[in-house]
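Notes for the one structure printed next.
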2 protein chains.
Amino acid sequence: MASKAAVDKRRQILDAAVRVFARQGFHATRVSDIADEAGVAYGLVYHYFRSKDEVLNELFIERWSLLLAAIDEADRAGGSHRSRLAAVASFIIDSYRHDPELMKVIIVEVTRAANSFGQTHLEQIRSAYESIAKIVADGQEAGEFRADVAPLFASMSFYGAIEQLLSGWIFDVIPATDTSFDNAKDLLVTTICDGLEPR
Amino acid sequence: MASKAAVDKRRQILDAAVRVFARQGFHATRVSDIADEAGVAYGLVYHYFRSKDEVLNELFIERWSLLLAAIDEADRAGGSHRSRLAAVASFIIDSYRHDPELMKVIIVEVTRAANSFGQTHLEQIRSAYESIAKIVADGQEAGEFRADVAPLFASMSFYGAIEQLLSGWIFDVIPATDTSFDNAKDLLVTTICDGLEPR
DNA sequence: ACTGCCATTGACTGACCAGTCAATCAGTGA
DNA sequence: TCACTGATTGACTGGTCAGTCAATGGCAGT
């Protein structure tokens, strides 16, 4: 089957793109950098992708759909709503732990670049906010969360906090150690659910 | 004095740059766009600024030093540490309310673009995190905040939440109304200090 | 051993734009 | 009036790259 090799090459280009985008940033990478990194001819990138943008699109869509699925699953898994939020935080932080380069690209070049690239994916990004907001709203309904906080606000604060911590690791503002990751998971849930003030 | 007019022209260029950057994004704006918007010849931009980058630098530095000063003042003003955090959130949100275009540029092109531009200003950005972290740490010392949360983590979560809400307004994920702004101030402090769960 | 189809190659082109620079203008002081 | 200085102008250059395309390679079915 010819397409077997083809699928591999396509993947090879995507993986190379992650590395190069993570290293140099999207704007600073030339298509030839991706081709070189993938060990492939320049033109082949255009055989598999319509444009440089489409390569990034593909990476984002692949990854983001996993996130949306994970949020959904966290919600469906039941348990306290606090534990569902914990599952979301865990998933995102583990995604970073597992593939920091990909997550760096997604966050730096898409999620936090809502001006250029994010614009295209705003719908999908918003969809994540809303799924998290639903967990909050349900938690309020169940009496587990206070009712006087707008769910979407809470959701965005929660997600913003997570992303900020990821950025901290990405740019070495805070050390990216395993204990740091685990602390962060606890902290995020503790802060958002219990607050900073002692009970 | 010749420099009077010169200062005006310089300002005129900076103000025009804010508008154009906000509208098109930094990468997509040509220097000629700035010159046109300012009603000034192309070359004059280079008379006042070494490069296109320096225009953005200037905008960031002007604004960020105000933020650092505001955090400092919030801290020095005394009162509960909770109220100091509230003052910080207030300042940032009011900055957006007062000059959304400038804040959009700062956040989208610098703060959240730590890859390209932010890299240069990472020190200053980190400085803000640390000033906020100091407020948290002092609050812990004073027994107002629980001691088992790393101050820098708390600070980054807090700041990340603020920035995420600003992004929401910037990109119309949440409506940018006055009540929305005021709600956000309350929410941020309530969430970070009291948590979502009822007491 | 031929034919057709897709993968693969990389040289080339066309557009774009940051930054340069030589020329002109305008205010000031003598 | 003249000379000096800094402000202002905009045409031009040099370099960079995204995307094109015509040519080649190689496999699969007959």
Side-chain angles (χ1 to χ4, degrees), chain A residues 1-60 105 109-110 113 115-120, chain B residues 1-60 105 109-110 113 115-120:
Chain A
M1 195 63 182
S3 77
K4 171 79 182 323
V7 167
D8 287 352
K9 277 286 166 67
R10 198 185 134 88
R11 189 74 258 161
Q12 202 172 319
I13 291 170
L14 283 170
D15 291 345
V18 168
R19 273 174 267 135
V20 185
F21 288 161
R23 198 188 311 138
Q24 317 181 344
F26 179 78
H27 283 292
T29 86
R30 283 148 294 169
V31 173
S32 64
D33 293 336
I34 301 175
D36 289 353
E37 177 83 21
V40 130
Y42 184 90
L44 196 62
V45 176
Y46 285 92
H47 181 69
Y48 287 108
F49 302 94
R50 222 191 310 273
S51 66
K52 183 183 151 190
D53 288 16
E54 213 190 63
V55 176
L56 180 53
N57 275 351
E58 184 70 25
L59 290 172
F60 172 76
V105 172
E109 307 295 349
V110 187
N115 224 12
S116 39
F117 243 88
Q119 204 71 292
T120 330
Chain B
M1 195 59 182
S3 76
K4 173 79 180 322
V7 168
D8 287 352
K9 277 287 166 68
R10 197 185 134 89
R11 188 76 257 159
Q12 203 172 319
I13 291 169
L14 283 171
D15 291 346
V18 169
R19 271 172 270 134
V20 185
F21 288 160
R23 197 187 313 135
Q24 317 182 343
F26 179 78
H27 282 290
T29 86
R30 282 149 295 170
V31 173
S32 64
D33 293 335
I34 301 175
D36 289 352
E37 177 82 23
V40 128
Y42 184 89
L44 195 62
V45 176
Y46 286 93
H47 182 69
Y48 288 109
F49 303 94
R50 221 192 309 272
S51 65
K52 183 183 151 190
D53 288 16
E54 212 189 63
V55 176
L56 180 54
N57 276 351
E58 184 71 26
L59 291 172
F60 171 76
V105 171
E109 308 295 347
V110 187
N115 225 12
S116 41
F117 241 89
Q119 204 70 293
T120 331

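Computation of the quantities below employed the complete heavy-atom set of this structure, encompassing side-chain atoms and omitting hydrogens, waters and symmetry-equivalent molecules. Everything numeric here is computed off the predicted structure, so don't read it as measured data. Below, chains carry the letters A, B, ... as their sequence lines are ordered, and counting in each starts from 1.
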Take the protein atom CD1 of A/Ile34 and the nucleotide atom C1' of C/dG10, then report the distance between them rounded to whole Å. 16 Å

Value in whole Å for how far the P atom of C/dC16 lies from CZ of A/Arg30: 21 Å

Are side-chain heavy atoms of B/Phe21 and B/Ile34 found at a separation under 4.5 Å? yes

Would B/Lys52 pass as a cation-pi partner of B/Tyr46, given that its NZ or CZ must be under 6.0 Å from the six-membered ring centre and within 45 degrees of the axis? no

Between C1' on C/dC17 and CD on B/Gln24, what's the gap in Å once rounded to a whole number? 14 Å

Report the distance from atom CG of A/Leu44 to atom P of C/dC6, rounded to the nearest whole Å. 15 Å

Please report the distance, rounded to the nearest Å, between CD in A/Gln12 and P in C/dT9. 10 Å

A/Lys9 side chain near C/dA7 phosphate (N/O to OP1/OP2, under 4.0 Å): no

Please report the distance, rounded to the nearest Å, between NZ in A/Lys52 and P in D/dT16. 15 Å

May I ask you to evaluate whether B/His47 reaches the phosphate of D/dA7, defined as a side-chain N or O under 4.0 Å from OP1 or OP2? yes

Using whole Å, report how far CZ of B/Arg10 lies from P of D/dG6. 17 Å

Between B/Asp15 and B/Arg11 (salt bridge meaning N to carboxylate O under 4.0 Å), is one present in this structure? yes

Heavy-atom donor-acceptor pair, B/Tyr48 side-chain to D/dA7 base, under 3.5 Å: no

Salt-bridge contact B/Arg10-B/Glu58 (side-chain N to carboxylate O under 4.0 Å): yes

In whole Å, I'd like the distance from the OH atom of B/Tyr46 to the C1' atom of C/dT20. 10 Å

When all nucleic acid strands are considered with a 4.0 Å heavy-atom cut-off, which category describes A/Ser32: base, sugar-phosphate, or nothing? nothing

